[in-house]
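Working notes for the structure below.
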There are 2 protein chains.
Amino acid sequence: MNIELVNTGSELLLGRTLNTHAQWLGRQLADRGCVITRQVTVADTAADIAAAVREALGRADLVITTGGLGPTSDDTTRESIARLLGKTLRPDATVLAQMENYFAARQRVMLDSMKVQALVPEGALVLPNRNGTAPGLAMEAGGKWLIMLPGPPRELKPMFTESVVSLLARIFPVRENYSCCTLRTVGLGESRIADQIAPRLQPLVGQGLVIGYCAHMGQVDVRLEARGEPAPTLIAEAAAEVRAQLGGSVFGEDDDRLEAVVLRLLTERRQTLALAESCTGGLMANQLTNIPGASAVLLSGLVTYANAAKEKFLGVRRETLQTHGAVSEAVAREMAEGARRETGADFAVAVTGIAGPSGGTMDKPVGTVFIALAAASGTVVEKKFNPFDRATFKELTARQALDLLRRTILAAKNPQA
Amino acid sequence: MNIELVNTGSELLLGRTLNTHAQWLGRQLADRGCVITRQVTVADTAADIAAAVREALGRADLVITTGGLGPTSDDTTRESIARLLGKTLRPDATVLAQMENYFAARQRVMLDSMKVQALVPEGALVLPNRNGTAPGLAMEAGGKWLIMLPGPPRELKPMFTESVVSLLARIFPVRENYSCCTLRTVGLGESRIADQIAPRLQPLVGQGLVIGYCAHMGQVDVRLEARGEPAPTLIAEAAAEVRAQLGGSVFGEDDDRLEAVVLRLLTERRQTLALAESCTGGLMANQLTNIPGASAVLLSGLVTYANAAKEKFLGVRRETLQTHGAVSEAVAREMAEGARRETGADFAVAVTGIAGPSGGTMDKPVGTVFIALAAASGTVVEKKFNPFDRATFKELTARQALDLLRRTILAAKNPQA
């Protein structure tokens with residue numbers, strides 16, 4: 001089964017907007033055994049959309065489009081495709097009523113220009129939009145299927161989950177077994193990992209295992225894929241081998257995020273956390289609080305950029321700041337211990353470093369960072385050197401700090417066990 | 001001039017990795033008058049890469065590929081393309097020496113498996129990689145150009161800026177004028193904006209102006225484009241009209257981010273800021289500290305999730321918490337005033353709300369949020385209702401809070417003026 005994704009939107013080609021749909025839909029589909037074979041982005045002109053959809057329908061069994069269903073002049077997907085397939089567009093009374101309800105519930109006025117979104121090509125199925133006004137549309141055309149989804153992610157995602165998944169199960173019952181497992185590692189390089197695991201996995205590759213590597217900031221994902229009857233066994237065997245080779249560097253699988261793993265460990269142990277962030281500037285707090293349930297674990301996150309804030313909120317001594325400088329092992333230690341003391345948390349993580357682009361010295365160049373972890377068992381401080389751009393520096397430092405926390409939690413006794 | 005971008009990587013189609021290259025390269029090229037006409041993602045198998053590059057070379061003057069130049073078994077771009085174009089791959093001594101230096105500088109060992117990255121197709125230009133090992137490659141093929149860039153963003157971006165830009169200027173001197181201006185607005189809906197500005201811009205559309213709209217969380221971008229001799233004048237006139245119609249809702253242009261605008265205003269005024277975040281969990285601090293120079297403005301960001309933290313660090317009264325609840329106008333006010341008092345900042349922003357998915361009540365459903373701003377002129381509190389998923393809730397709330405701050409700064413007297 002071939003699936004092609006056509007993302008429409010000049011803002012995507014002009015680089016004004018990041019295409020998050022390709023990833024999200026790719027993932028959703030792959031997890032159901034349907035892998036996107038090609039993804040294309042075209043401008044939102046009628047001719048480009050029609051050309052891309054025509055080509056895609058020539059190759060694929062299913063074509064999914066995103067975007068161009070809204071009310072403004074550059075929303076041309078609905079009309080281009082109706083014309084391409086020779087279908088008439090007609091206003092749909094149910095859709096119109098749903099749109100009116102949507103606005104009434106939000107105490108907003110529905111403008112006349114909005115009503116174009118209630119036009120439906122003849123014979124198309126309407127996919128309701130719970131989070132916006134333009135519904136999705138699905139239609140058969142010459143034995144192929146075409147599904148049109150709206151552009152805004154918070155409209156597209158629930159629509160996919162609530163309507164498209166069941167539609168796909170009906171029109172394309174999956175025939176082939178597909179298994180995929182991504183093992184997520186932290187702290188090791190891509191080549192190092194490949195060198196270590198590839199020879200051990202060679203026999204399984206002979207049986208159909210496909211290995212993929214993907215390096216992010218401080219993390220490397222090892223993706224294991226297989227198709228057909230023996231796929232689940234093959235994947236399980238390969239995953240066990242990777243875990244055996246890489247040990248504690250594997251922090252999770254598939255969608256696991258390091259911050260979610262840390263939060264889950266602390267939740268299971270009924271332990272609490274405080275953060276004292278200088279150079280990561282709230283990134284760790286933000287990552288942790290993206291996870292539902294963070295409030296049960298994270299007591300407080302203190303973004304103490306200024307020295308005065310380090311003194312006031314964390315009790316870092318002025319003498320320590322003056323003697324060693326804000327970016328030092330001693331200050332990192334006092335920050336972590338101060339955060340733990342002031343909040344009563346079981347663990348406190350502190351980071352202080354030089355994110356750049358300015359502020360570096362000969363002794364402490366841009367990229368220098370100290371990561372401290374205070375726990376009942378004592379305080380450890382690690383020095384790292386992350387000489388990258390500001391965003392990479394922050395991301396990598398946060399990974400390292402969360403990994404130090406993860407390893408420390410795992411090494412300690414579980415008070416709930 | 002037609003440009004096609006071919007992103008290679010099964011992890012992109014499987015949705016394991018977000019494709020950020022398409023946006024970044026699209027933007028860089030468009031700003032130089034070269035608009036990507038089509039972007040395609042294919043799996044990292046040799047056959048798929050060769051097919052996509054062959055098709056793209058059939059349509060485009062320039063084809064750029066990303067990914068697949070690394071050392072692991074799924075890195076097949078270099079070899080597929082060399083074979084497609086009938087070029088021999090040869091080890092390049094300079095590249096090999098650079099790779100050896102790269103590892104030596106980082107006190108790491110260069111594994112033998114790495115050396116494949118020093119292979120160069122005959123006749124290709126080598127684009128040095130300052131931030132990694134695999135160099136980029138550029139080659140002419142039948143009057144078309146093909147540029148291969150590495151996958152990791154922190155390698156690709158500097159390589160583009162340092163090598164590709166000058167190469168493009170040499171091989172494709174831009175002939176046509178292209179102007180693009182994006183006006184970024186906050187607080188207004190997409191239809192409302194279109195209804196207000198479209199009739200006024202109609203005469204300019206007749207002269208070649210192209211208008212695009214793009215809605216993000218709480219923000220709508222209005223993109224104005226034109227080509228040819230009169231483009232700059234047309235764009236300037238259109239931008240002035242949009243600004244006249246939308247007034248203070250326009251917070252910036254092009255790449256301006258709301259947090260950067262706020263930071264710039266405060267920097268110019270030599271004023272300082274403190275944050276007290278509950279439900280946004282450090283998102284605002286993180287956004288602000290992504291901007292170089294944040295340390296001169298942001299004194300402290302307090303992520304006070306727990307009530308005890310609100311009392312301890314911000315001086316919120318227990319009585320207020322008990323009487324009104326943590327999510328209330330009174331607590332938001334005390335948080336902002338406390339943050340301002342404890343840090344001595346000129347402005348303090350506080351948010352407290354219910355991000356969900358749980359924690360809502362009849363009176364205060366999920367999505368309820370109070371945003372407070374304390375300044376020398378007094379404290380204002382706004383109640384908002386953002387009934388969305390957790391990430392959207394955080395993002396939208398942060399936008400609203402930063403916009404309240406922006407408008408307050410602009411309304412106040414500039415102490416430096």
Side-chain angles (χ1 to χ4, degrees), chain A residues 10-11 13-20 22-24 26-27 30 35-36 38-42 71-74 111 113-114 152 154 182 190-191 194-195 211-215 221 223 281-283 285-286 289-290 292 295 298-306 309 313 343 357 388 390-392, chain B residues 10-11 13-20 22-24 26-27 30 35-36 38-42 71-74 111 113-114 152 154 182 190-191 194-195 211-215 221 223 281-283 285-286 289-290 292 295 298-306 309 313 343 357 388 390-392:
Chain A
S10 299
E11 70 276 12
L13 292 174
L14 292 166
R16 266 59 192 178
T17 301
L18 181 64
N19 182 357
T20 57
Q23 180 189 16
W24 194 84
R27 179 57 186 268
V35 177
I36 292 179
R38 185 184 282 236
Q39 174 270 331
V40 177
T41 307
V42 291
T72 54
S73 56
D74 55 356
L111 303 165
S113 55
M114 294 263 174
R154 66 182 195 81
T182 304
E190 189 181 23
S191 288
D195 272 20
I211 313 171
Y213 303 89
C214 191
D221 293 343
R223 196 181 64 247
L283 174 61
N286 185 42
T289 60
N290 280 342
S295 52
L298 184 66
L299 298 183
S300 204
L302 299 151
V303 182
T304 52
Y305 243 41
F313 297 116
T343 62
F388 305 113
R390 193 173 174 96
T392 305
Chain B
S10 299
E11 69 277 13
L13 292 174
L14 292 167
R16 265 58 190 179
T17 301
L18 183 63
N19 181 355
T20 56
Q23 178 187 20
W24 193 84
R27 179 55 184 271
V35 177
I36 292 180
R38 187 185 280 237
Q39 173 270 330
V40 177
T41 306
V42 291
T72 54
S73 57
D74 55 355
L111 303 165
S113 56
M114 295 260 172
R154 65 182 196 80
T182 303
E190 188 181 23
S191 287
D195 271 22
I211 314 171
Y213 302 91
C214 192
D221 293 344
R223 193 181 66 248
L283 174 60
N286 185 42
T289 59
N290 280 341
S295 52
L298 183 64
L299 298 184
S300 201
L302 300 150
V303 182
T304 52
Y305 243 43
F313 297 114
T343 62
F388 304 114
R390 194 173 174 98
T392 306

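Chain letters run A, B, ... following the sequence lines, proteins first, then strands; residues in each count from 1.
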Taking every non-hydrogen pair under 4.5 Å, which of [options] racks up the most with chain A?
options	value
B/Ala22, B/Ser300, B/Ala306	B/Ser300
B/Asn19, B/Asp195, B/Val42	B/Asp195
B/Leu298, B/Leu283, B/Val35	B/Leu283
B/Gly212, B/Cys214, B/Gly281	B/Gly281
B/Pro357, B/Gly301, B/Ala30, B/Ala194	B/Gly301

Roughly how far, to the nearest 0.5 Å, is the [atom2] atom of [Y] from the [atom1] atom of [X]?
X	Y	atom1	atom2	result
A/Met114	B/Glu190	CE	CD	8.0 Å
A/Glu11	B/Gln23	CD	CD	10.5 Å
A/Thr72	B/Ile211	OG1	CD1	9.5 Å

Answer with side chain, backbone, both or neither: which region of [X] has an atom nearer than 4.5 Å to a non-hydrogen atom of chain A?
X	answer
B/Pro292	both
B/Thr182	side chain
B/Ser113	side chain
B/Arg38	both
B/Asn290	both
B/Thr17	both

Do B/Leu302 and A/Leu302 have side chains that get closer than 4.5 Å, going by heavy atoms?
-> yes

Atom group of A/Thr20 that falls short of 4.5 Å from chain B, counting heavy atoms |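 Both parts, backbone and side chain.
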
Contact class of A/Asp74 relative to chain B, heavy atoms under 4.5 angstrom |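 When you check distances to chain B, only side chain atoms of A/Asp74 fall under 4.5 Å.
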
Check: B/Val40 main-chain N/O paired with A/Thr41 side-chain donor or acceptor under 3.5 Å |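 Checking the backbone N and O of B/Val40 against the side chain of A/Thr41, no donor-acceptor pair under 3.5 Å is found.
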
How close do A/Ser73 and B/Tyr213 get, heavy atom to heavy atom, and via which atoms?
->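 Residues A/Ser73 and B/Tyr213, closest heavy atoms: OG-CE1, 4.2 Å.
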
Contact summary for A/Pro71 and B/Ser191, nearest pair of heavy atoms |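 Nearest heavy atoms, A/Pro71 then B/Ser191: CG-OG, 3.2 Å.
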
With side chain to side chain contact (heavy atoms under 4.5 Å, CB included) as the test, would you mind laying out the steps for B/Arg223 and A/Leu14 before giving the verdict?
-> CA-CA 10 Å; B/Arg223 193 181 66 248; A/Leu14 292 166; 3.2 Å; yes

Between chain B and each of A/Leu299, A/Val303, A/Leu111, A/Thr392, count heavy-atom pairs under 4.5 Å; write down the option with the most.
-> A/Val303

Between A/Thr304, A/Asp221, A/Ile36, A/Leu13, which shows the greatest number of heavy-atom pairs under 4.5 Å with chain B?
->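 Between A/Thr304, A/Asp221, A/Ile36, A/Leu13, the count favours A/Leu13.
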
